[in-house]
Amino acid sequence: MNAKPRTAAEALVDQLVIQGVRHVFCVPGESYLPVLDALYGRDIAVTVCRQEGGAAIMAEAVGKQTGRPGVCFVTRGPGATNAAHGIHIASQSASPMILFVGQVDTNVKGRDAWQELDYRAVFGSMTKWAAELDDPARASELVARAFHVATAGQPGPVVIALPHDVLIRETDCLDAPATAPIELSPGTAQMVELERLLAAATSPMALLGGGGWDEDARAALTRFATRFELPVATGFRRLPLFDPLHPNYAGDLGLGPNPALLARVKAADVALVIGEPLGDVTSQGYGLFDVPAPRARLIHVLPEPSALGRVWTPALAICATPGRFAAALDDLPAPNATAWRGSAEAAHAEYLAWSEAPTPQPGPVNLAEIIIWLRENLPADAILTNGAGNFAAWVNRFYRVRRLGGHLGPNSGSMGYGVPAAVAMQRLNTDRRVVAISGDGDFLMNGQEFATAVQYDLPIVVVVFDNASYGTIRMHQERDYPGRVIGTDLKNPDFAAYARAFGGFGATVETTEEFAPAYEAAVASGLPSILHVKFDQDGIGPTQTLSAIRAQALARKG
C-alpha cells in the first residue's frame, strides 16, 4: 500500500495502473492537465484523439471487447458534452467504461463559471454512477469504486468529474487493491426448475446477448446447446457470442432479421434468454413476445435484478452473470430424447440459406457480394466495426463473426461509431486485421479520427459505402411521405482523396469487381486506408429498393 505524499492526480494514475489500465484515450484540456502530467513516463499508452466523441467511443469499444473498463479523459463543458455520445452507447451496449471529466475549481462552483456543468445531472440518466472528486484523500477510493461499479451486474459507464484545484493538492491516501467483477451464480432451485421447463418443452429456443461474456462462457454455452440440440440465436449487435458455422446457430435478431427465424422464435414454447435485456431492436419493437405475459415460457437470465420483469414477466427469472450461468449448465443432464430433435439443424439451414446467396441489387455495385468477399477473405480473427445506418444490414446478414470480440457496433444505433472503434481495436490488437464499415453520412460523424489512425500508424481499412444519402431516414421518408424528399440528400467529398490528404491510402470503387484489388492494395500499402465504394441509392437494403418502397406507399395512400 502506497502512503507517500503525492498529488491527487498522481494517486489517480497510480490507481489506474493498479487496475490494469494500459491504454487511455483523450482530447487534452487545461482542466485536467495535472493528470496528463502524471501520465508522463508511465506504463500507460495515451491515444490523443481529434474529438471527444471519438475518444469516448474508443474507450467504449475497449470495454465492449475486453470486459474491463475502457478509460477516457476529456475537458470540462463542451468536451464533456461531446463525450456524451460514447457514454450513451456504453449505456445501451452494456459496455464498462470510465469517463474522467475536468471540472472548474471548487471555489467557483455554483457561479456558472466558464464551462461549468453539474455532471451528476448531465450524465445521471445514462450512467451507472456519476460522481465528483471533491477531496484528494479519496482519489484512490473513487477510482476503485468506479471500476467496481462499471463491471458489477450489468456492465456500463461511470463518470468522475475532476476539479483542477483538487487534482493538484497533495494527499497521503492509500492505494486501493485491484477490483474484479462480481460474478453471480444461479441458485440450485432455479437450475432444477430450468431442467423441468426444458424437459416439458416441445420447441425451445435460446437467445444470447448483453455484456459480460468471455471465452469460457461462450464455450460452455456452446457445449450446452450441442448436448440439448437447441437452436441458438443472437441479439442485436451480439454476433460474436456464438459461432455462425456451428450447426446449432439460427441467426441474429437485429435489424432486418430472417423471417424464418422470427417465425421460429414466435412459435417457441420455451425461450431461454441469456444476458440479453430484450431491448427495442432485438424484441422487434417489443413485438417478439406478448407484453407483459409471453405465450412462451420465458426463462430470463440477467446479471441485474432490476432489469428482470421490466417489460415481460418471466416464467423463471435468474439473476446471474453469463459466465456463472453458462458454467452451471455443464451440470444440467441432457434428456435422452428431445421432442425438438432436428430443429437446430433446420434453423441452421435456414440461416445458411439466408446469409449465403447475394441478393440482386440495382447498379454496378452489389454490397452483399462485397461483404461476402470480406467474409471469405478476412482472417478468422479479424475485427469488424460498423456505425449505424442501413448499410449495416448487409453486415448483419452476410458477415460471419468467428471469434468473441470480432465485431463491434453501437447498440444505441449511434452514427459515427465504426472509425473510432476501429482505431481503438487496432491500438489494442496490433497483430489483427481491423476493418471499419461505414456509410457516407455515418463516416463524417467521426471521420476525423482517421487522422488518429495516421498519427499512430494504425493500418485500419475503412470501407465507406456512399449512396449520397442519409439512407435510413430516406427509407422511412419514402414509407411515410413518398416522393417528398427533403433533408436526406448528401453531396459528398472524394473520400479516397480525403484519405490521401491525411497521409493514408485511398481508392475509389465503382463496380463490385473493383473491390477485391482495391482492398488488397490498401492492405499492401501498410497505411490507414479508405475505400470509397459508390453504390446506387435505390438499393437501400439487402431485400428492398427505394422505388419499391415508394410505390407501395403510394398504393396504400390511394
(message) I need the minimum non-hydrogen distance between T543 and R397, along with the two atoms involved.
(response) CG2-NH1, 2.8 Å

(request) Please tell me if the side chains of L374 and I437 come closer than 4.5 Å, counting only heavy atoms from C-beta onward. (result) yes

(message) Main chain of A55, side chain of E60: is a donor-acceptor contact present, judged purely on distance under 3.5 Å?
(response) no

(request) For residues P364 and E510, determine if any side-chain heavy atom of one lies less than 4.5 Å from a side-chain heavy atom of the other. (result) no

(request) Please report the C-alpha distance between D440 and L490 in whole Å, then the side-chain angles of each, then the deciding distance to 0.1 Å, and finally whether the side chain to side chain contact (heavy atoms under 4.5 Å, CB included) criterion is met. (result) CA-CA 9 Å; D440 48 340; L490 297 174; 4.0 Å; yes

(request) To the nearest 0.5 Å, tell me how far E514 CD sits from T512 OG1. (result) 9.0 Å

(message) Does this structure show an ion pair linking E356 with R375, if we count only N-O contacts that are shorter than 4.0 Å?
(response) yes

(message) Strictly distance-based, threshold 3.5 Å: is any side-chain N or O of R433 a donor or acceptor partner for the main-chain N or O of L384?
(response) no

(message) Counting C-beta onward and ignoring hydrogens, is there a side-chain heavy-atom pair between L261 and M205 closer than 4.5 Å?
(response) yes

(message) Using a 3.5 Å distance criterion without hydrogens, assess whether the side chain of T321 forms a donor-acceptor pair with backbone atoms of E183.
(response) no

(message) Is a donor from one side chain sitting under 3.5 angstrom from an acceptor on the other, for Q426 and Y456?
(response) no

(request) For the residue pair Q477 and V485, establish whether any side-chain heavy-atom pair is separated by less than 4.5 Å. (result) yes

(request) For side chain to side chain contact (heavy atoms under 4.5 Å, CB included), just list the numbers for D381 and D431, CA-CA rounded to whole Å, side-chain angles, deciding distance to a tenth of an Å, and then say yes or no. (result) CA-CA 10 Å; D381 68 347; D431 58 341; 5.7 Å; no

(message) Regarding S414 and H85, do their side chains bring together a donor and an acceptor under 3.5 Å, going by distance alone?
(response) yes

(message) Treating K128 as the side-chain partner and Q154 as the backbone partner, does any N or O pair qualify as donor plus acceptor under 3.5 Å?
(response) yes

(request) Consider only side-chain N and O atoms of S529 and Y519, and report whether a donor and an acceptor are under 3.5 Å apart. (result) no

(request) Measure the spacing between CG of N446 and OH of Y417 and express it to the nearest 0.5 Å. (result) 11.5 Å

(request) Show your working on side chain to side chain contact (heavy atoms under 4.5 Å, CB included) between W394 and I370 and close with a plain yes or no. (result) CA-CA 9 Å; W394 279 274; I370 288 175; over 6 Å; no

(request) Give a yes or no on whether the backbone of A225 and the side-chain of N248 come within a donor-acceptor separation of less than 3.5 Å. (result) yes

(request) Answer yes or no: is there a side-chain heavy-atom contact under 4.5 Å between L262 and L288? (result) yes

(request) Please round to the nearest 0.5 Å and tell me the distance separating atom CE of M415 and atom CG of N386. (result) 12.0 Å

(request) Side-chain contact test, heavy atoms from C-beta onward, threshold under 4.5 Å: evaluate it for L352 versus R400 and give yes or no. (result) yes

(message) I'd like to know if the side chain of S93 pairs up with that of R237 as donor and acceptor (distance under 3.5 Å, no hydrogens or angles considered).
(response) no

(message) Can you tell me how far apart CG (L16) and CD1 (I44) are? Round to the nearest 0.5 Å.
(response) 5.0 Å

(message) My understanding is that only one of F443, Y498, F495 makes a ring pair (Phe, Tyr, Trp, His ring centres under 6.0 Å) with H532; could you say which?
(response) F495

(request) Heavy atoms only: give me the nearest R238-E276 pair and the separation to one decimal. (result) CG-OE1, 4.4 Å

(request) Could you check if a side-chain atom of V395 sits within less than 4.5 angstrom of a side-chain atom of H407, using non-hydrogen atoms only? (result) yes

(message) Quick check: closest heavy atoms across P231 and P204, and the distance to 0.1 Å?
(response) CD-O, 3.6 Å

(request) Check for a donor-acceptor pair, side chain of Q284 on one end and backbone N or O of G254 on the other, with a separation under 3.5 Å. (result) yes

(message) Side chains of D538 and S547 only: does a donor on one sit below 3.5 Å from an acceptor on the other?
(response) yes

(message) Which heavy atom of E52 sits nearest to which heavy atom of N82, and what is that distance?
(response) OE1-ND2, 2.9 Å

(message) With rounding to the nearest 0.5 angstrom, report the OG1 to CG distance, T359 to L367.
(response) 9.0 Å

(request) Would you check if the side chain of E229 reaches a backbone N or O of W340 as a donor-acceptor pair within less than 3.5 Å? (result) no

(message) For H348 versus P247, what's the shortest heavy-atom pair and its separation?
(response) CB-O, 3.2 Å

(request) Could you go through the side chain to side chain contact (heavy atoms under 4.5 Å, CB included) check for K534 and V365 one step at a time? (result) CA-CA 7 Å; K534 299 181 179 181; V365 168; 6.0 Å; no

(message) Once rounded to the nearest 0.5 Å, what's the spacing between atom CZ of R432 and atom CG of L378?
(response) 11.5 Å

(message) Is it the case that the side chain of Q19 and the backbone of V21 share a donor-acceptor pair, with hydrogens and angles ignored and the cut-off at 3.5 Å?
(response) no

(message) Do N492 and V464 have side chains that approach each other closer than 4.5 Å (heavy atoms only, starting at C-beta)?
(response) no

(request) Locate the shortest heavy-atom distance separating A59 from C72; write the atom from each residue and the value. (result) CB-CB, 3.8 Å

(request) Give me the ring orientation class for F228 and F224: parallel if the planes are under 30° apart, tilted from 30 to 60°, perpendicular past 60°. (result) tilted

(request) Give a yes or no on this: more than 12 heavy atoms of other residues, nucleotides or ligands lie within 6.0 Å of atom OH of Y286. (result) yes

(request) Would you confirm whether D442, through its side chain, and S438, through its main-chain N or O, come within 3.5 Å as a donor-acceptor pair? (result) no

(message) With no hydrogens and no angle check, just 3.5 Å: does a side-chain donor-acceptor pair link S469 and R474?
(response) no

(message) Keeping T226 on the side-chain end and T222 on the backbone end, is there a donor-acceptor pair under 3.5 Å?
(response) yes

